[in-house]
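Take a look at the structure below.
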Amino acid sequence: MSLRSSLTAALTMLGLLGTSMSSGSEPNLRRHEFTKLSMGSQARIVLFASTESEARRAAAGAFERIEALESIMSDYRPTSELSRLNALDVPPSGQTLPLSEDLTRVLERSEKIRERTGGAFDVRAGRVVRLWRDARQRGPTLSDLTELRRSAQALGDFDLDPEARTITLRSRVTLDLGGIGKGFAADAASQTLTQLGAPAHLIDLGGDIALGDAPPDATGWGIAIAGTGPEQARVALHNCGIATSGPTDRFFAIGSTTYSHIIDPRTGVPVSEPRIVTVIAPDATDADALATAMSVLTPGESLRVAASTPGVHARIEVPDNLVITSNGFPWASRTPPRAEPDAEFIPLFNGRDLVGWKGLVADPPARARMSPVELAQAQFEADRKMRAHWSVEDGMLVFDGEGDSICTARDYADFELIVEWKIGPQGDSGIYLRGSPQVQIWDNPIGSGGLYNNQKNASQPLVVADRPVGEWNTFHIIMQGERVTVYLNGRLVVGDTILENYWERDKPIYPSGQIELQNHGNTLYFRNISLRPLGPGDRPSVATTTPFPRLAGARVLVFTRTAGFRHDSIEAGVQAMRDMAAQHGFSIVHTEDPTVFDNNGLAPYDAVVFLNTTGDILNPTQEAAFEAFVRSGGGFVGIHSAADTEYDWPFYGLAVGAYFKGHPPVQAAMTTIASHDHPATRRLPDSWKRTDEWYDYRAVPEGATVLARIDEASYEGGQMGADHPIAWCREIDQGRTFYTGFGHTQQSYSEPEVRAMLAGALAWVTHRD
């Protein structure tokens, strides 16, 4: 159970509260701010109202609602409804009692979150929380840890009937709402403010924040999120909740281990690994409780909870200032990313020591035959040998050429793995997946990355992608089911191939197992090892290491002529095309000269990209040449304002699919993939939030295959309704065309999802899919 750290009254962790992300406001609404000591912290309300008296009336009503809930949920007030419930002696047959509506609702939400988090959040852990609270005040000891574990095994239980508003105590139980109560109170106060005529508001209860409508003339409430490291991030939010939980400097030493104020209710043991978690959720109740739970869960478990809960996003800062975010975390702006693993990847090697790694004990069948005592003894000896030959130097994991392989301390099932490695002349190594050999690393003309021990399935790499011996190489390995895909230095070397079970040839590869860094008696170097667990149906992430190898050799003309509005993102788009060409092995020529549009000028190219073109940019002769180019097999990719181009040219209308009609201001919206069966969308998440200028079109593209849509409920000003396409494709005779509405902002072209869509589109229109 997380006991919410004050985090310096939330202003250290969540700063700039109540500032809008854009300037200006309606003249009849003014900003008002009120503070009051409530629920053990400084409560803060920021709202917009026409007059001072209206603002004070609304704030007073919200504070009154918070006070009423504190009188119900506080475990510090002996007269509260919760305290009276906790003080009851429960007979062996149990006891059924009536509850207030508010306590019923908060307990109902608590039970749902307990189930969702596998018990990492549990209001039943009140006795454990109190024991740890008392121990911290007098100085904790080892005996306190023993008592905490014992108490966690006997939390007591209850049954809740939300419709009857009753609770049946099965045994004595001590409930604690410290990890959800403030969020629930913030939501209740938010409802009160809306009812009292102040829908644009922010409520901060010591780091648990409920947000109403955005401030006037703003896209959202601007909230700066700052961890302990240098990264600063800013989000623009409205009509949701946000909460931060973390131990910061509240640590308590017992022996050589330091523990935080946060308790794991499943074990009773305080959390010893510092972690700062920020959760954005549909309301503050969920944000509060999930931030509490994610302070207990591992980052990977937390990301899975976020991914399986609609509208929930998480940011997790772990030691060394490494920040992990769930897919779609709604950044409004952030500093340029550092060279850290991609979002959702968990570091397996911390760059400092061998924590998280162990020595190799035999092979999987032999380990399975060992008794627990035998395995423990063997592991102790293997770890001793590991520390003698594996070390950490300058952030690198180094093997001296003697001894055995090194293994992850945990087993993994399906995952993405990113590993950087370096070997010397005649070097020979490999990576075992689920304990089975192996993705090959060596100095050999065949090249690295192959599945060396395969006998029935492909074993050699498709291409040689190694860098010169002594230089760093990067693997991006995807293990799903029995199949492995390997990219080496951005090139596909193994494509969706079954990895055979080397140890038991008659069986498939084990469903889970450790990851091993193998050696063959030579010095090895590894660094930047990170992993992303994959659940059922998860798609591999979009990564800059993941190319479209069949684009190699393609020739692309990028055309950016404008005869109307000119986007300031054109240069960023052209640079993105150059970057992608270098990554995927194709070539581009950028021009704004329309005279290239004749039969000879277009002949060298496989595809033409209209990147934010506008207006009438080709004459009839040039139009005819372009039409002949596409119909005879050439490709066309239109980006953003390509839909604001050549309105009076029927063939172009067919190729681009739909013409621009209008757009609301730039803002964040949810994009949903309609089909993953296309190279442009195959590597994209099912849905994610991104910021752009969202075009309305004159009509839905008739006869085209829609690949992605935007959800008009997720932003303001959309005019097309439920069917609002944003990317589509079609075939015209022998040619192929693709269009995406992405690409108004400069930032669009640095987004990996946008680049992956454009690379896939080029692969398709050039018939290299």
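Figure legend: R124 and F158 shown as a cation-pi pair, the cationic atom lying under 6.0 angstrom from the six-membered ring centre and within 45 degrees of its axis.
The nearest pair of heavy atoms linking G435 to P364 is O-CG, 3.7 Å. Summarising the geometry of T681 relative to S675, their closest heavy-atom pair is OG1-O, 2.5 Å, with the distance given to 0.1 Å. Nearest approach of K422 to G470, heavy atoms of both residues: CD-O, 2.9 Å. Here the shortest heavy-atom pairing between T671 and A708 reads CG2-CB, 4.3 Å. Counting all heavy atoms, side chain and backbone alike, N457 lies closest to N454 at O-CB, 3.4 Å. Closest approach of S245 and S295 over heavy atoms only: OG-OG, 3.0 Å.
Of the inter-residue distances, the one linking S530 atom OG with H476 atom NE2 reads 8.5 Å to the nearest 0.5 angstrom. Rounding to the nearest 0.5 angstrom, the gap separating the OG atom in S391 from the CG atom in L354 is 7.5 Å. D428 contributes atom CG, which lies 9.5 Å from atom CD1 of I441 (distance to the nearest 0.5 angstrom). For the atom pair CZ of F121 and CZ of R266, the computed distance is 13.5 Å after rounding to the nearest 0.5 Å. For the atom pair T485 OG1 and I477 CD1, the distance stands at 10.5 Å (nearest 0.5 Å). Rounded to the nearest 0.5 Å, atoms CG (L462) and CG (L488) are 11.5 Å apart.
No donor-acceptor pair closer than 3.5 Å links the side chain of N444 to the backbone N or O of G447. Without hydrogens or angle criteria, D286 side chain to A281 main chain gives no donor-acceptor distance under 3.5 Å. Within the 3.5 Å criterion, the main-chain N or O of G430 finds no donor-acceptor partner in the side chain of W442. The backbone N or O of A125 lies less than 3.5 Å from no partner atom in the side chain of D122, so there is not a single donor-acceptor pair. Checked by atom type and distance alone, the side chain of T408 pairs as donor or acceptor with a backbone atom of I515 at under 3.5 Å. D443 contributes a side-chain N or O that, together with a main-chain N or O of Q426, makes up a donor-acceptor pair within less than 3.5 Å. In this structure, N473 contributes its side chain and E471 its backbone to a donor-acceptor pair below 3.5 Å. Here the side chain of D466 pairs a donor or acceptor atom with the backbone of S448 at under 3.5 angstrom. Judged purely by atom type and a 3.5 angstrom limit, T292 uses its side chain to pair as donor or acceptor with the backbone of G179. With hydrogens and angles ignored, the 3.5 Å screen pairs no side-chain donor or acceptor of D383 with any backbone N or O of F380.
Within the 4.5 Å cutoff, no side-chain heavy atoms of S405 are placed close to those of L517. For the pair R116 and L290, the minimum side-chain heavy-atom distance is below 4.5 Å. Proximity of I180 to I113: side-chain heavy atoms (C-beta onward) are separated by under 4.5 Å at one or more points. At a threshold of 4.5 Å between non-hydrogen side-chain atoms, the residues F349 and W357 count as touching. Between M386 and R384, every side-chain heavy-atom pair lies at or beyond the 4.5 Å cut-off. With contacts defined as side-chain heavy-atom distances shorter than 4.5 Å, the pair E147/D144 does not qualify. Taking the side chain as every heavy atom from C-beta outward, V398 and V392 never approach each other to under 4.5 Å. Annotation: side chain of Y412 is in contact with side chain of L531 (closest heavy-atom distance under 4.5 Å).
The aromatic rings of W472 and Y525 lie perpendicular to each other, with more than 60° between the two planes, well past the 30° mark.
Of the charged side-chain nitrogens involved, at least one lies within less than 4.0 Å of a carboxylate oxygen, so that E500 and R505 count as a salt-bridged pair. A salt bridge does not link R387 to D353: none of the charged side-chain nitrogens sits closer than 4.0 Å to a carboxylate oxygen. Taking a cutoff of 4.0 Å between a charged side-chain nitrogen and a carboxylate oxygen, R682 and D677 do not qualify as a salt bridge. A salt bridge does not link E374 to R367: none of the charged side-chain nitrogens sits closer than 4.0 Å to a carboxylate oxygen. Between K112 and E115 there is no salt bridge, since none of the side-chain N atoms of the basic residue sits less than 4.0 Å from a carboxylate O of the acidic one.
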Worked verdict on I276 versus T244 for side chain to side chain contact (heavy atoms under 4.5 Å, CB included): CA-CA 7 Å; I276 298 172; T244 294; 4.0 Å; yes
Candidate pair D414 and R434, rule salt bridge (Lys or Arg N to Asp or Glu O under 4.0 Å), full reasoning: CA-CA 9 Å; D414 289 357; R434 301 188 196 151; 2.6 Å; yes
Side chain to side chain donor-acceptor pair (under 3.5 Å) assessment of Q377 paired with Q379: CA-CA 5 Å; Q377 292 172 340; Q379 190 63 66; over 6 Å; no
Worked check of side chain to side chain contact (heavy atoms under 4.5 Å, CB included) between W503 and Y510: CA-CA 10 Å; W503 308 109; Y510 308 113; 3.6 Å; yes
Residues I263, V296; criterion side chain to side chain contact (heavy atoms under 4.5 Å, CB included); working and verdict: CA-CA 7 Å; I263 288 284; V296 171; over 6 Å; no
CA sep, side-chain torsions, deciding dist, call: L451, V494, side chain to side chain contact (heavy atoms under 4.5 Å, CB included): CA-CA 8 Å; L451 305 182; V494 171; 4.0 Å; yes
Test ring pair (Phe, Tyr, Trp, His ring centres under 6.0 Å) applied to F526 and W421, step by step: CA-CA 4 Å; F526 297 91; W421 54 270; 7.9 Å; no
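Annotation for R109: atom CZ counts as buried by contact number, over 12 foreign heavy atoms lying within 6.0 Å. Heavy-atom neighbours of K358 NZ from other residues, nucleotides or ligands within 6.0 Å: above the threshold of 12. The local environment of CZ in F415 is crowded, with over 12 non-hydrogen atoms from other residues, nucleotides or ligands closer than 6.0 Å. No more than 12 heavy-atom neighbours from other residues, nucleotides or ligands sit within 6.0 angstrom of OH on Y452.
Checked by atom type, the side-chain pair E516/Q514 shows a donor-acceptor distance below 3.5 Å.
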